[in-house]
Amino acid sequence: MKSNYKALSELIEKVDERNADGAITELIGVSIDKCFIKSVANTNGTDLSKYKIIRKNEFAVSLMQVSRDSKIPIARLEDYDVAIMSPAYPIFRVKDTSVVLPEYLEMWFKRPEFDREAAFIAVGGVRGSMPWEEFAKMKLPVPPMDKQKNIVKAYKTITDRIALKQKINDNLEATAQAYFDNLFFSCDDTDCTLADIALVNPSRPLSKGVEARCFDMSTLPTSGCIPTGDTTKPYNGGVRFINGDTLIARITPCLENGKAAYINILNEGEVAFGSTEYIVFASKDDIPSCFYYFLIRNSKFVTFALQFMNGSSGRQRVSGEELASFPLMIPSKEKLAAFNKVGKLVLEQMKESTEEIQFLKQLQETITATLSSN
């Protein structure tokens, strides 16, 4: 072990501040992607005084089911000055910021190697959980402060660039969506259904064993037009995609969050396929493919889709046939042509920005991967 390695117990201290007067109502949790998410739990009638308070630059971690998930949900609070969390979350902070920066520590927690080590340690725990004492024993390199600052600065520069490109994407999409909604949903009249103007889950036979790009369910973005590509592997079943397809995940959380994807990243001869949890909409009767992407993200469509959800709580599903019954007006050729000029251009620009974001994230991974050599 290198001399600059320190145990977490030397660097951090637990915090157990309770929301005694119930004054703080911003309830958050930590996702498997190591970021804070706003809780959707109904807190009406809930005693919030027992919840833990977390303040800016403090960390929250979930040490349950670590070996099962092979990942520790852990994050540093940055977007709120103060919030509350379930008492089940251990909350901690850096003891001395002149020894280690919270931002540097956060980078260490994002390393895949950190997750693998934690999962190995947690194997013997109840349901694969990790006791706080074992978590606190984990070690990391702590370079001199000037080196920490340089590493954090380089990482933050990339993070800021990613945020900028994502904001550009979000603004472009919002502008195009507003134009779409005004063109095609300015009145409530209907004379057809989506099934009349779209191919829903079109059959595209493909020989098994063909090497093809695979898209995992988790890669659908909350906004943006393309999913990130998973590893190329033999096709052994699922849904086949082509450029111009619009994908929507059939489970409730994805629909509620507007998760959809527009495929426009395949090169000549490439094939893509993914889980049957996707519903695919493809062009029919010369309707521009971008029309379907913005239709899927229209608020009226989302509201319509959610009424068909059935199944167990949190994993309810809807079928392609039910979504295809969505009522709307047959779009005129003039309106379709007008929107295609905007929608096609926006999706292409979003593609370029998303590709840059993916490259920048690879740079971030490279930086975090080299932390152990510092």
Side-chain angles (χ1 to χ4, degrees), residues 8 12-94 102 105-106 109-110 115 118 122 125-136 217-218 220-223 249-259 277 299 302-318:
L8 281 172
I12 64 175
E13 58 187 2
K14 287 181 79 172
V15 179
D16 191 359
E17 182 184 2
R18 301 293 172 135
N19 188 32
D21 59 2
I24 303 170
T25 58
E26 190 67 57
L27 181 60
I28 58 176
V30 180
S31 76
I32 196 72
D33 296 319
K34 300 182 186 284
C35 62
F36 286 102
I37 53 175
K38 190 177 178 68
S39 174
V40 295
N42 184 357
T43 57
N44 289 335
T46 302
D47 181 7
L48 299 180
S49 66
K50 297 180 180 179
Y51 281 63
K52 290 183 178 179
I53 293 176
I54 182 170
R55 300 185 183 277
K56 197 161 193 173
N57 274 328
E58 292 180 345
F59 293 81
V61 59
S62 173
L63 297 174
M64 298 179 289
Q65 301 176 332
V66 173
S67 63
R68 188 201 69 176
D69 298 333
S70 297
K71 209 168 190 179
I72 294 186
I74 184 170
R76 176 177 64 91
L77 191 65
E78 190 175 14
D79 295 333
Y80 300 91
D81 287 327
V82 64
I84 54 174
M85 304 190 71
S86 163
Y89 286 104
I91 295 174
F92 62 92
R93 64 189 171 207
V94 169
L105 192 58
E106 179 184 34
F109 291 147
K110 289 182 177 179
D115 284 325
V126 178
R127 296 183 180 178
S129 62
M130 173 185 277
W132 170 264
E133 293 73 20
E134 293 300 318
F135 173 72
M217 184 65 135
S218 62
L220 274 180
T222 52
S223 64
R250 67 174 75 242
I251 63 173
T252 305
C254 293
L255 278 172
E256 288 178 329
N257 294 326
K259 284 194 173 186
E277 291 288 0
S299 60
V302 174
T303 300
F304 175 84
L306 291 175
Q307 71 177 321
F308 291 106
M309 288 296 175
N310 60 79
S312 60
S313 176
R315 298 290 295 181
Q316 294 178 314
R317 289 167 170 77
V318 67

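All values below were derived from every heavy atom in this structure, side-chain atoms included, with hydrogens, water molecules and symmetry-related copies excluded.
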Search all heavy atoms of Ala60 against all heavy atoms of Ile54 and return the closest pair with its distance. CB-CD1, 3.9 Å
Given the rule in the side-chain contact (heavy atoms from CB on, under 4.5 Å) test, do Leu8 and Trp132 qualify, once you have shown the distances and angles that lead to the verdict? CA-CA 11 Å; Leu8 281 172; Trp132 170 264; over 6 Å; no
Name all residues meeting the side-chain hydrogen bond (donor to acceptor under 3.5 Å, both in side chains) criterion together with Asn57; count only those two or more places apart in sequence or in a different chain, and write none if there are none. Arg76
Just say parallel, tilted or perpendicular for the rings of Phe308 and Phe304, cut-offs at 30° and 60°. perpendicular
Once you round to the nearest 0.5 Å, how far does OG1 of Thr46 lie from CG of Leu27? 8.5 Å
Between the main-chain N or O of Cys35 and the side-chain N or O of Asp33, is there a donor-acceptor pair closer than 3.5 Å? no
Which residues pass the side-chain hydrogen bond (donor to acceptor under 3.5 Å, both in side chains) test with Ser49, sequence neighbours left out? Asp47
Contacts table for residues 77-92: side-chain donor-acceptor under 3.5 angstrom, sequence neighbours left out:
residue	atom	partner	partner atom	Å
Ser86	OG	Ala88	N	3.1
Tyr89	OH	Val30	N	3.2

ring-ring contact (aromatic ring centres under 6.0 Å, His included): which pairs involve residues 31-51, sequence neighbours left out? none
List the residues meeting side-chain contact (heavy atoms from CB on, under 4.5 Å) with Ser299, not counting sequence neighbours, and say none if there are none. none
Hey, is Arg18 close enough to Asp16 for a salt bridge, meaning N to O under 4.0 Å? yes
What heavy-atom pair brings Pro73 and Ile32 nearest, and what distance separates the two atoms? CG-CD1, 3.9 Å
State whether the side chain of Asn19 and the backbone N or O of Ile53 hold a donor-acceptor pair below 3.5 Å, judged by distance alone. no
Can you give me the closest heavy-atom contact between Ala122 and Val66, atom names plus distance? CB-CB, 3.9 Å
Quick one: does Glu134's side chain have a donor or acceptor within less than 3.5 Å of a partner on Pro131's backbone? no
Sorted by chain and number, sequence neighbours left out, side-chain hydrogen bond (donor to acceptor under 3.5 Å, both in side chains) with Lys34 holds for Asp115
Do Ile28 and Ile37 have side chains that approach each other closer than 4.5 Å (heavy atoms only, starting at C-beta)? no
Looking at side-chain heavy atoms only, is the closest gap between Lys52 and Glu17 below 4.5 Å? no
side-chain hydrogen bond (donor to acceptor under 3.5 Å, both in side chains) against Lys56, all qualifying residues, sequence neighbours excluded: none
What residues, two or more places apart in sequence or in another chain, satisfy salt bridge (charged side-chain N to carboxylate O under 4.0 Å, His left out) together with Lys38? Glu26
Evaluate side-chain contact (heavy atoms from CB on, under 4.5 Å) for Ile12 paired with Phe59, printing each intermediate quantity in order. CA-CA 10 Å; Ile12 64 175; Phe59 293 81; 6.0 Å; no
Does the side chain of Glu277 reach to within under 4.5 Å of the side chain of Arg317, using non-hydrogen atoms? yes
